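Have a look at the structure below, then the notes.
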Amino acid sequence: MSLQIDLEHRRKTLIVRLKGELDHHTSESVKHRMEEAIEQGQLTHIILSLKDLNFMDSSGIGVILGRYKQITAKGGKMVVCDVNSAVYRLFEMSGLFKILSIHDTERQAISSLEVVS
């Protein structure tokens, strides 16, 4: 299966919606698209919406960690929302929840960042 990447700029936040599978075949594309958006835009925060992501492997964790470092180096935050149980388990095992906050919905994620901004 492939991966569909939807990027939306909302104020100073990049909302990244992933649909499909984030694995070693698709991770490089996600990495480049997100890096490019962060470099080009006046972005402060990233929301990673995983509602339609049905599979992720360690390559996906690497992409997420890399973009987390990139946005926090600019003084921003990255949050995750709409995580299904399989991907949630991977986040738990990898320790990503120790550095990323998680929200049930995209609306909650946006609200949490508007309080920070």
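Note that the structure is a prediction, hence the values are computed from the model and not measured.
Under the salt bridge (Lys or Arg N to Asp or Glu O under 4.0 Å) test applied with Asp6, the options Arg17, Lys19, Arg33, Lys51 reduce to a single match, Arg17.
Tracing side-chain contacts under 4.5 Å through hydrophobic residues (I, L, V, M, F, W, Y), one never reaches Leu18 starting from Phe55; they form parts of separate clusters.
No donor-acceptor pair closer than 3.5 Å links the side chain of Thr13 to the backbone N or O of Ile47. In this structure, Lys77 contributes its side chain and Ser112 its backbone to no donor-acceptor pair below 3.5 Å.
Going from atom CZ of Arg67 over to atom CD1 of Ile46 covers 8.0 Å, rounded to the nearest 0.5 Å. Tyr68 contributes atom OH, which lies 4.5 Å from atom CD1 of Ile99 (distance to the nearest 0.5 angstrom). Note that NE2 of His25 is 12.5 Å distant from CG of Leu3, once rounded to the nearest 0.5 Å. Atom CG of residue Leu113 and atom NE2 of residue His103 lie 6.5 Å apart, to the nearest 0.5 angstrom. From Leu14, atom CG reaches atom CD1 of Ile71 across 7.5 Å, with rounding to the nearest 0.5 Å. Going from atom NZ of Lys31 over to atom CD of Gln70 covers 9.5 Å, rounded to the nearest 0.5 Å.
The closest side-chain heavy-atom distance from Leu43 to His9 is below 4.5 Å.
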Would you sort out whether Val80 and Leu96 count as a side chain to side chain contact (heavy atoms under 4.5 Å, CB included), showing the intermediate values? CA-CA 10 Å; Val80 180; Leu96 278 177; over 6 Å; no

Does the pair Ile15 and Ile110 meet the rule for a side chain to side chain contact (heavy atoms under 4.5 Å, CB included), with working shown? CA-CA 9 Å; Ile15 302 172; Ile110 293 167; 4.0 Å; yes

Derivation of the side chain to side chain contact (heavy atoms under 4.5 Å, CB included) call for Asp52 and Gln4: CA-CA 9 Å; Asp52 296 316; Gln4 181 180 337; over 6 Å; no

Kindly indicate, with the supporting measurements, whether the criterion side chain to side chain contact (heavy atoms under 4.5 Å, CB included) is fulfilled by Ile61 and Met56. CA-CA 8 Å; Ile61 292 172; Met56 184 171 83; 4.0 Å; yes

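Taking each heavy atom of Thr105 and Cys81 in turn, the nearest pair found is O-CB, 3.6 Å. Closest approach of Ser27 to Leu22, counting heavy atoms only: CA-CD1, 3.8 Å. Considering every non-hydrogen atom in both Ser29 and Ile5, the closest pair reads OG-CD1, 3.6 Å. Residues Ser101 and Val79 come closest through the heavy atom pair OG-CG1, 3.0 Å.
The environment of Lys74 atom NZ is dense: over 12 non-hydrogen atoms of other residues, nucleotides or ligands sit within 6.0 angstrom.
Sorted by first then second residue, the side-chain hydrogen bond (donor to acceptor under 3.5 Å, both in side chains) pairs that include residues 82-97, not counting sequence neighbours, number zero.
Not counting sequence neighbours, the partners of Phe91 by the ring pair (Phe, Tyr, Trp, His ring centres under 6.0 Å) test are Phe97.
Of the N and O atoms on the side chains of Glu28 and His32, at least one donor lies less than 3.5 Å from an acceptor on the other residue.
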